[in-house]
Novice: 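Once you've had a glance at the structure underneath, I'll fire off some questions.
In what follows, every chain begins at residue 1, and chains take the letters A, B, ... in the order their sequences are listed. Keep in mind that what you see is a predicted model, and the values were worked out from it rather than measured.
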Protein chains: 2
Amino acid sequence: MEFCIGFTILGSNIKSASKVMKTGNGKMGRPISFDKDAALEAAMLLFWERGFEGTSMADLTHAMGLSPSSIYAAFGDKHALFQLAAKRYMEIRAQYAVTALEEPTLERFLRALFDNTVAFLGSKGHPSSCFTLTGAISCGVDVEPAKVLMKEMRLQNEAAIKARLLKARRAGEFPKEENVDDYTRYLSSLLSGLAIQAANGSTRAELKRTAEVALRHLGIER
Amino acid sequence: MEFCIGFTILGSNIKSASKVMKTGNGKMGRPISFDKDAALEAAMLLFWERGFEGTSMADLTHAMGLSPSSIYAAFGDKHALFQLAAKRYMEIRAQYAVTALEEPTLERFLRALFDNTVAFLGSKGHPSSCFTLTGAISCGVDVEPAKVLMKEMRLQNEAAIKARLLKARRAGEFPKEENVDDYTRYLSSLLSGLAIQAANGSTRAELKRTAEVALRHLGIER
DNA sequence: CTTATTACGTAACATTCATTACAGATGTGT
DNA sequence: ACACATCTGTAATGAATGTTACGTAATAAG
């Protein structure tokens with residue numbers, strides 16, 4: 001089973017995942033009759049809510065409004081669908097992190113990072129917490145590719161944070177005595193922790209106040 | 001299905017979970033031939049590693065060295081076994097948190113909290129990360145009791161931290177302007193974040209340095 | 001229209017799931 | 001010794017799992 005991630009999470013480098021290999025000659029057949037994006041969105045939301053193992057193909061057929069054969073033809077098997085759902089999550093839902101990365105100064109980056117995270121975790125219309133945690137944090141042996149993918153996505157997020165901190169260091173904004181790797185993991189811990197808080201049922205206001213404590217301890221007053 | 005937690009996590013109040021209702025008269029039959037504690041320990045480790053949904057009864061029979069009928073007779077169904085495993089985890093493995101709670105001063109409490117957590121997450125011989133996260137953070141609808149149990153355990157841990165902070169406030173150690181609930185959730189976030197770091201593959205040394213950054217930002221120098 | 005080609009829904013597939021029925025084994029109490 | 005209660009391994013249970021075979025529907029090209 002191939003299971004490599006062909007997309008960088010908080011950056012660009014998003015390769016196309018549609019492996020449509022034109023089997024026959026130039027002739028065309030019956031075209032697809034459903035909205036592929038909408039179907040993938042429904043699958044992504046379900047994986048996000050219940051995780052890989054908690055989501056059955058029967059659940060997916062119901063949520064996507066498709067028959068199994070359509071899903072398999074359009075997205076491949078369950079692992080491939082999960083991978084596409086994860087990619088979609090990053091492209092569509094996790095952009096709040098990218099916008100934070102683009103803030104010009106370190107302080108504005110940190111503030112935006114926490115503000116956007118709180119806004120994301122506290123908003124309605126999607127599962128609480130974060131796909132990279134709920135998708136597959138633990139699983140049976142046959143599902144480990146999904147677990148590895150989630151871990152790689154979390155690590156890529158850390159890499160993006162680290163790159164931003166290095167930029168701040170070059171700009172002279174980052175304290176000399178502070179270790180970039182340690183600080184990166186500290187920030188990553190805080191953000192993961194907020195996602196767990198959301199899973200614990202914290203309201204948006206509570207998340208906001210928790211993030212404010214974090215920012216204050218980071219030396220950022222509001 | 002009954003699924004209430006009869007034990008308080010970071011405190012006492014641990015009720016006996018052995019619901020051995022003597023069905024017959026006073027007569028005794030064939031006694032159990034296996035070490036119940038060892039079997040439950042094996043189940044706990046497997047649930048910890050793979051989560052509720054990732055652990056099948058077949059996996060459990062193999063890991064516990066028991067036949068299904070023995071497991072069902074001794075521990076009940078899969079949900080009951082999971083609950084007992086969670087209880088055992090708290091009683092046996094999560095005591096490092098209790099010892100931190102008993103530290104006499106706030107500063108020593110915080111230092112012990114992070115030191116013990118790092119020592120726990122970084123030690124070998126058991127899955128990385130924390131049972132309350134890997135056990136069941138997301139799942140199918142029929143497994144939600146397990147998910148709820150994990151959430152309740154995390155919230156009980158927070159309650160224990162809050163109680164300790166309130167004690168510190170009474171002792172005049174806790175800043176007046178700091179909100180206890182917010183600070184509690186902040187600490188909880190940090191600890192959950194460290195557990196995710198461990199799941200990400202952080203080494204003990206890396207966890208230690210990350211915790212040191214956290215302690216420094218908490219105003220505690222080493 | 002005819003034909004080629006693909007999409008689609010239904011139903012089947014083998015396998016695994018949690019759970020239990022059954023029969024024999026092993027002990028306790030008398 | 002006996003009778004009895006409980007344990008324990010095997011095998012079976014029905015349901016659910018992910019996946020695919022197959023017949024039919026729908027479009028495109030000639």
Side-chain angles (χ1 to χ4, degrees), chain A residues 1 3 18-36 39 43 46-47 50-83 85 136 139-146, chain B residues 1 3 18-36 38-39 43 46-47 50-85 136 139-146:
Chain A
M1 144 94 56
F3 208 94
S18 61
K19 302 179 180 177
V20 262
M21 47 191 76
K22 290 181 179 292
T23 54
N25 39 14
K27 287 237 183 173
M28 286 283 125
R30 175 179 175 181
I32 257 186
S33 68
F34 58 91
D35 185 339
K36 213 170 163 182
L46 208 55
F47 278 131
R50 303 185 186 174
F52 184 92
E53 288 180 324
T55 307
S56 70
M57 289 302 298
D59 295 334
L60 289 166
T61 58
H62 182 252
M64 302 167 79
L66 300 176
S67 50
S69 48
S70 296
I71 297 180
Y72 277 82
F75 306 105
D77 66 1
K78 195 186 174 188
H79 278 279
L81 177 59
F82 181 78
Q83 191 173 348
C139 59
V141 283
D142 51 325
V143 189
E144 280 201 340
Chain B
M1 144 94 55
F3 208 94
S18 61
K19 301 179 179 178
V20 262
M21 47 190 77
K22 292 183 178 293
T23 54
N25 39 15
K27 285 238 184 171
M28 288 280 129
R30 176 179 174 181
I32 257 185
S33 67
F34 59 91
D35 185 340
K36 212 170 165 184
L46 208 56
F47 278 132
R50 303 184 187 175
F52 183 93
E53 288 179 323
T55 307
S56 70
M57 289 303 297
D59 295 333
L60 289 165
T61 57
H62 181 252
M64 302 168 79
L66 299 177
S67 50
S69 45
S70 295
I71 297 180
Y72 277 82
F75 306 105
D77 67 1
K78 195 186 173 187
H79 277 279
L81 176 59
F82 182 77
Q83 191 173 347
L84 291 171
C139 60
V141 283
D142 50 325
V143 189
E144 281 201 340

Novice: Output the rounded distance in Å from OH (A:Tyr72) to C1' (C:dC8).
Specialist: 16 Å
Novice: For D:dG9, does either OP1 or OP2 sit under 4.0 Å from a side-chain N or O belonging to B:Ser70?
Specialist: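 Yes, B:Ser70 has a side-chain N/O under 4.0 Å of OP1/OP2 on D:dG9.
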Novice: Rounded to whole angstroms, how far apart are CZ on A:Phe82 and C1' on D:dT17?
Specialist: 18 Å
Novice: Kindly determine whether A:Cys139 and B:Glu53 satisfy side chain to side chain contact (heavy atoms under 4.5 Å, CB included), including the steps that lead there.
Specialist: CA-CA 7 Å; A:Cys139 59; B:Glu53 288 179 323; over 6 Å; no
Novice: For the helix from C:dC1-D:dG30 to C:dA23-D:dT8, what is the angle between the axes at its two ends, each from 5 pairs, rounded to 10°?
Specialist: 10°
Novice: Atom CG of B:Asp59 and atom P of C:dT16: how far apart are they, to the nearest Å?
Specialist: 12 Å
Novice: Rounding to an integer number of Å, can you tell me how far A:Asp35 CG sits from C:dA7 C1'?
Specialist: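 Atom-to-atom, A:Asp35 to C:dA7, this comes out as 16 Å.
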Novice: Using only heavy-atom distances, decide whether a donor-acceptor pair under 3.5 angstrom links the side-chain of A:Arg30 to the base of D:dA26.
Specialist: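 A donor-acceptor contact between them is absent.
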Novice: On DNA chain C, nearest-nucleotide positions of B:Ser56 versus B:Gly29: which is more 5'?
Specialist: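 Looking at the nearest nucleotide for each, B:Ser56 comes out on the 5' side.
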Novice: Given atom CD1 of B:Ile32 and atom C1' of D:dT6, what is their separation to the nearest angstrom?
Specialist: 10 Å
Novice: Just checking A:Ser69: base, sugar-phosphate only, or nothing, at a heavy-atom cut-off of under 4.0 Å?
Specialist: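 Base contact.
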Novice: Tell me the closest heavy-atom pair linking B:Ser67 and B:Thr61, and the distance in Å.
Specialist: C-CG2, 4.3 Å
Novice: Compare every heavy atom of B:Phe75 with every heavy atom of B:Ala80, then report the nearest pair and how far apart it is.
Specialist: CB-O, 3.3 Å
Novice: Find the distance A:Ile71:CD1 to C:dT6:P and express it as a whole number of Å.
Specialist: 21 Å
Novice: Determine the minimum heavy-atom distance between A:Val143 and A:His79, stating which atoms define it.
Specialist: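 Taking A:Val143 first and A:His79 second, the nearest heavy atoms are CA-CE1, 4.0 Å.
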Novice: Separation of A:Met57 atom CE from D:dA16 atom P, in whole Å?
Specialist: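 One finds 17 Å between P of D:dA16 and CE of A:Met57, rounded.
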Novice: Just checking A:Ser67: base, sugar-phosphate only, or nothing, at a heavy-atom cut-off of under 4.0 Å?
Specialist: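 Counting heavy atoms under 4.0 Å across all strands, the contact made by A:Ser67 includes a base.
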Novice: Any idea which heavy atoms bring A:Leu66 and A:Ala39 closest together, and the distance?
Specialist: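 Heavy-atom minimum between the residues: CD1-CB, 3.8 Å.
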Novice: Please tell me which of A:Pro31 and B:Lys78 maps to the more 5' nucleotide of DNA chain C, matching each residue to the nucleotide holding its nearest heavy atom.
Specialist: A:Pro31
Novice: Counting any heavy atom closer than 4.0 Å, what does A:Thr55 reach on the DNA or RNA strands: base, sugar-phosphate only, or nothing?
Specialist: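 Sugar-phosphate contact only.
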Novice: Just how far, in rounded Å, is C1' of D:dA29 from CE of A:Met28?
Specialist: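 In whole Å, D:dA29 C1' lies 11 Å from A:Met28 CE.
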Novice: At under 4.0 Å between heavy atoms, what does A:Pro68 touch on the DNA or RNA strands: base, sugar-phosphate, or nothing?
Specialist: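 Touches a base.
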Novice: Just wondering, do A:Met64 and A:Leu81 contact through their side chains at under 4.5 Å, heavy atoms?
Specialist: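 Counting from C-beta outward, A:Leu81 and A:Met64 do come under 4.5 Å.
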Novice: Measure from NZ or CZ of A:Lys78 to the centre of the six-membered ring of A:Phe47 and say whether it is under 6.0 Å with the direction within 45° of the ring axis.
Specialist: no
